[in-house]
Each structure stands twice: as C-alpha cells, then as structure tokens.
4 protein chains.
Amino acid sequence: METSRRGRPRNADADRAILEATRDLLVADGYERLTMQAIASRAGVARQTVYRRWPSKARIVADAVLSGHLSPGFDLPTDASASLRDWLHRAAMQLTDAAHLAVIRALAAAAVESDDDASRLYAAFTGPGRRQLLSLLEAGVASGDLRADADLEAAADAILGAVLYTALARNPPQTEHLDALADVLLSGLTAR
Amino acid sequence: METSRRGRPRNADADRAILEATRDLLVADGYERLTMQAIASRAGVARQTVYRRWPSKARIVADAVLSGHLSPGFDLPTDASASLRDWLHRAAMQLTDAAHLAVIRALAAAAVESDDDASRLYAAFTGPGRRQLLSLLEAGVASGDLRADADLEAAADAILGAVLYTALARNPPQTEHLDALADVLLSGLTAR
Amino acid sequence: METSRRGRPRNADADRAILEATRDLLVADGYERLTMQAIASRAGVARQTVYRRWPSKARIVADAVLSGHLSPGFDLPTDASASLRDWLHRAAMQLTDAAHLAVIRALAAAAVESDDDASRLYAAFTGPGRRQLLSLLEAGVASGDLRADADLEAAADAILGAVLYTALARNPPQTEHLDALADVLLSGLTAR
Amino acid sequence: METSRRGRPRNADADRAILEATRDLLVADGYERLTMQAIASRAGVARQTVYRRWPSKARIVADAVLSGHLSPGFDLPTDASASLRDWLHRAAMQLTDAAHLAVIRALAAAAVESDDDASRLYAAFTGPGRRQLLSLLEAGVASGDLRADADLEAAADAILGAVLYTALARNPPQTEHLDALADVLLSGLTAR
DNA sequence: TTTTAAGCGAGACGGTACGTCGTGTCTTGTT
DNA sequence: AACAAGACACGACGTACCGTCTCGCTTAAAA
C-alpha cells in the first residue's frame, strides 16, 4: 500500500478542470491557437500546475482524447430499428461540425511525440462510435438482417473509415453519396 | 499579357528545391517540428526567398500536397489480375510507412492553418490512389466480376477510407484484418 | 576593413535606448524590480532585441555602468576655490540620494557574473568623481595649499572610500562628521 | 512573560544551521544564486522551517550579517606594536578574499530587499573591525604617537572606507598603494 | 493518560521572470 | 527586381524561484 504519500496531495479537481479547459479551447480555437496559459487560466490554475501534470501541450491533448473528453457523443438511439444508413448520415453530420473537425485535426498534432501514439489516439477517439456501431451490427445479425459470417470488427473499421474520410474529404457530405456508401457496404461489390 | 518583368528573374529551381525540402523534412520530423529556417537551409536558399513565394508554412505544405509532391506513389501494376484484396494489402503497407503517416498527419495541421479547405488537401493527397482504384474497379465491372450498378465513386471512398483508417488506427495492419475488410467490401453485409 | 557586414545592420539607437531605459528603471525601482520586459518596453524595443545584444540583466547593468550612463555627475565647480571640505559635503549629499544609492547597490548584483568585474564596475562608477577630485587635489598642490609629495592617487582613494562608506553606513551623513573627516584627511593623524 | 508555549518546541539547532548554510552558500555562490531551497537543503531542514523563522531571503542574509556570522574576523593582534600600516595591509588582504567580497556585495542586495536600513547592515558588518581599529587608534593616542584632538570616529570611517573601497575597486590591492594610503592618513594632505 | 497545539518534512499551488525559439516582416549590400 | 544575411516585433515555450498552503507525522506541555 503506497497510497499514503507525503506532502500536500495534488488537487484532483485540477486534472479534470485542465482537461475540460483543453477540450473547450481546442474545440473553439483549434490546436494551433491553444496555449498553455489559456488552458491554465480557463482551468483556474497556475501555468506551473499544468506543467506539473503534463510535459507538453501535445500530451494534454493526447490525454484529453484518451480519457474520452473529446470523443464524439454519437447520441443516437442504438435500437434495432436504426438502420446503417441512418447511422452513416448522423455520424457524418456530427463529424463535420466545427468542434469535431477541430478535434480530428488536433489528433495529428497531438500524436507528434511518438509514432504509435497516433494509433492509440485515433482508436480512443473513435472508440465510443465504434462500440455503438458494433452493437448496431450485432443487433442486425441477431435479427437476421445481416449475415452472420462477416467479421464485424472489419466491418466497423470499413464503415468508420468511410465516414471519417467522407467527412474530411467531402465536406459537407452529400446525401446521395452517403446513400451510395451504405449501398456498397450492405450489398457488396461482387456481381451475382 | 506582360510576361517580361524588369529586374532579376526568380530562380526557378528554388521553387522545386523548397517543395522537396519541405517534403523531406515533413516526412522526417513531422509538421510541428518543421521550421521555415530548416526548409530554407535544406533548399540552399534564404528564408526570405521562401516567403517571397509562399506566405506561410501551412501554404507550402498545402502546395506540396496539391502539387503531388507528397502523394503516395502506389506503384502497383493496375493489370486485370490485381484483385481488390491485393490492392488493399499493398496500399495499407505503403500508407503505414513512416513517411506517409507523417504526411497524412500533416494534412490536418496544414488544412487548419492555411485558408485551403481540408477537403481539397485530402482529395489531392488521395487523388492518385483514387484514380488507380477507380480504374481497377472499372476493369472489374467490365470483366463482369463486379456488379455494374454500384456507385464506383462511393465504393472508392469506402475503400480509401477503410484503408486510411486502418493505417492510422491499427498500425501496423494485420493480414487477416485486411482480408476480412476485403470480404466485407466485396460481399457486403446483407444476409441472403 | 570588415565594417561592411552582411544582413540588416543593428539599430544603433536601440543600444543607447536600452542603456538609458536600464538607467531610468534601475534608478526608479532598483535592481531587483528591474525586468528585461520593462527595459525592452521602455526602450521601445522587443525583448529579443535586448537579448541579441546582452546575455543577461547583470550584463546590461554592468555595461550601463561601464559606459558611464550611471555615474554620478558631481556637477560641482572644480575651480581652485572649491575646498576639499566642500567637495566632501556635496559628494556625500549626491551619493545619498535615492537614485545613486540604487545604483551603488546594483553594482553588487551586476558584478555577480565574474569576480574581477566588480573592480571594473566600481572603478567605472567612481571614475568621473575620481577625475574631478584628482584635478581638485592637483590644483591644491599647484597653489601650495597641499603638500607636493603626497600620492594623489592614494589620497583620492582614501577620500572616495571615506565618502562612499559614510554615505552607505551613515545614511544620512551628518555635517560634523564630514567636517571631522576632512580634518583627518587634511591634517593627518600623526601628533607633531 | 509567557515563555512556555504549548506544542512541539522549535528545534534550536535549526536557526544556527540555517544561518551557517546561508553564510556558506552566500560566500560560495553570491547573493543572486542563493536560493531558499539550497539553504534549507544544506541546513538539513525543510523549506517551510526556514520560512517559519524568517520571512524572506533578504531577512536571513540581513540576520546573518547582524548576528555577526558574516563579519570578517580581523584576527590580528591589537598590541601596541601593530602600526596602522600593518592594519591596513592585513585588513585589505582579508577583505579581498573571495568570501568577504561576496559578503560585501551581498550587503547591498540584502539591504535593498529587506526593510532594514543599509546603514545598519554595513555598521554590523564593519563593527568588529571598527572596534578593533578604534582601540588601535586610542592606543596610539595614549602612547603619544597620534594626535589627541583628532575625531577618532571620523578617522576610523576614513580608514575603513579607504580600505573597503580599495578592496572593491583595486582588487587585488598593491603594497605600494596601501603604503601611500597609510602615509596620507597619517600625515594628512596639508602642506606645512 | 489523553488531549491538543505547534513543529516539521514533503510537496502542491499561484505568481512572475527568465532565456530560447519560431513566425512573418523589414532593411542592408550584392547580383 | 531577386537574393543572402540577418535584425526586428511579437508571442509561446518550458524552467526556476518565490512565498503560501496543505498533508501526515512527531513532540511536549496542558487538561
């Protein structure tokens, strides 16, 4: 048991306040305009208190992502009736709002420290959406609408990648394009 | 048209040298560590000579992307025998090398700083691969292997997005995962 | 001849402005409260411009002293009629005003970098007063009032040291004390 | 008089250890490089224990001076045979060692930061030497070597000031210069 | 004996200045 | 005009100290 440390304990609220301040400022101003001083001020904390916990701006942002402070909520009903097409539309809509675009772009900068950090960041960012999507797919399999022998993990990656890419490269995404996307993913490309 | 200007003409080599220096440094150190001084030094040029041509770091990177200096070569044969599965494997392999990952991450940073739309940069970056992929798909349709009524643009987006996302979030990508990805894209998710 | 240097030449006015700003702020607020930012601001210059010329606060102050920006004026007439007693009174008066006390105290801090810098700083600070005093003594010798075989350099040191010490340790100096001081210096201690 | 307090009594050793640590570090590194943490560490004490006794760095140094921890020993015999010239030489020698120079310079810094008057600190620092010098002068008067009507306080100031100034501004002091100094102080400047 | 008030080591905290680095602009002399 | 070189205004970075504030533990006098 080594929880009884010496000295004044760190203010646990500060950690949270700093991550939240980071999220708010990142979403509002973007990574480049994000400042340690601004983070500290908004968190109601001295600059040194931030540095005592994180060694750099990139690490704070990385932690904000990893701790889920920056993942999109995807506040959609995950009931059985929600079709994949609906999910694609809503996810694309949410990802293309200014806040989430800012975060997606920050992921790149935050991953600058280490090369394989990037994977963890992207995985953490997409985690909630991915879990949601997986349960949607599982429901589809259970109801017999989707085939049982598909690799659902791979399917989730394909869907997430497609919607992320569309959000980034086809901003704003068009309805017909998303419908065609859903068609490809559901029906496949093979002639029959 | 007054093409003959007075004074000393610009050194045409400098443009190319600067873009190449930008690419090399970007790939080696990432966007955050990229500095104008480093670009100029590596290009054998004064800092002002860079600023005479581009107004900011973001614009150089954007131009390097738009001019194709940073797009992946995808030097794969596009012959009829190349299956979609092969393409996925090779593309994922190429995108996960350090150089391309650095560029992919830089796209976001460059987009947010320059006036250019992120979508233009992503489109430019993925352009060559996309064109290659489309001709592969068209060949598949022509040979009757792929169904004729699929939206090939949407299919290309799905495939590109999936492979990009896999490269970013599942670094390095596993063989089985890519195979499962190909299966989903070819066969679709719908039960039949 | 190597005066033709390359690149934009340094703004010569800035050097002077920085030294003057240093003097003004030092005299007004003291060494401890002196700030690089304050110096720069008052000189109408960026902080980096100060650092380009001097590596530290101590060095600026040292240079301000060595360049005579901080030496007391001792604006007394040096005519033959000025007696040593008068000089002592006026010098003590001037050295005990707030401005000069601040400078004297700053000498110690400014000398922190190197050990024998201190000598040069004290010598520079007292230089003008010393020269004035020497010509006063020489005039006394010429007029026959003072003995010709005294070491005037040593005498000047004794007088300067005495008045400096009195100013520091007996702040404010009393008239009678200064008179007694003059008496000792003029008549000596030896019984006759 | 309520000398018996409740609670754990203060460690009396700490006071002394702190003052000694202050002296050692001051002499070794100078006032500017002196830090509270270093004082505490060297004294084997927590930083707070220092602050419980002194409110600031300047006050510790001031107290170290006032308590005599930093005054030069002037361990000279004060017997009748010791001439003023001998005293000057030995005092100059002692004051110009690195330790005492550091202290002399620290006086100014400590004085400007603490509420204490500079004069009190200088008086305390020079106190032992001054008392020694005065008894030397009184012995000279008693023996008839020195004149009886001189203001010995003023004479002591002149001598102390001269030797201090020489130590500071003419480091290291030359033998001939000190001899000439003694000559001026003993014989005076007046022609006869 | 048991309180209880203070001392103490340790270290977090709000501030402030430091010295460095990068950006984008400007000003020299030279080509 | 372009160019190499480098100064300039601006502003963020990460570090170091200051003096204050909790923590848990220890120590002795008071209850």
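Letters go in sequence order (proteins before strands), and every chain restarts at 1. These numbers come from the heavy atoms of this one structure, side chains and all, not from hydrogens, waters or symmetry mates.
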In whole Å, what is the span from the CZ atom of A:Arg8 to the P atom of F:dC23? 7 Å
Return a single string for nucleotides 9-15 of chain F, one symbol per nucleotide in 5' to 3' order, where B is base contact, S is sugar-phosphate-only contact and - is none, cutoff 4.0 angstrom on heavy atoms. BB-BSBB
Checking side-chain contact (heavy atoms from CB on, under 4.5 Å) between C:Tyr31 and each of C:Val103, C:Leu107, C:Leu25, C:Val61, which is the one that passes? C:Val61
Rounding to 0.5 Å, atoms CD1 (A:Ile60) and NE2 (A:His69) come to a distance of 12.5 Å
Give, for atom CZ of D:Arg59 and atom CG of D:Leu66, the distance between the pair rounded to the nearest 0.5 Å. 10.0 Å
Please check the phosphate of E:dA5 (OP1 and OP2 only) for any side-chain N or O of D:Arg6 closer than 4.0 Å. yes
Within the structure shown, what part of the strands sits under 4.0 Å from B:Arg53 by heavy-atom distance: base, sugar-phosphate, or nothing? sugar-phosphate
Counting N and O atoms only, with roles assigned by atom type, does the side chain of D:Lys57 sit under 3.5 Å from a partner on the main chain of D:Thr35, one being a donor and the other an acceptor? no
Judged by atom type as modelled, is there a donor-acceptor pair below 3.5 Å linking the side chain of A:Ser71 to the main-chain atoms of A:Ala124? yes
Among residues at least two apart in sequence or on other chains, which ones pass side chain to side chain donor-acceptor pair (under 3.5 Å) with B:Gln37? B:Ser41
Mind checking the CE-OG1 spacing from A:Met36 to A:Thr22? Nearest 0.5 Å is all I need. 8.0 Å
CG on D:Leu168 to OH on C:Tyr122, rounded to 0.5 Å: 5.0 Å
In numerical order, the residues of residues 9-25 of chain B whose heavy atoms come under 4.0 Å of DNA chain F are B:Pro9, B:Arg10, B:Asn11
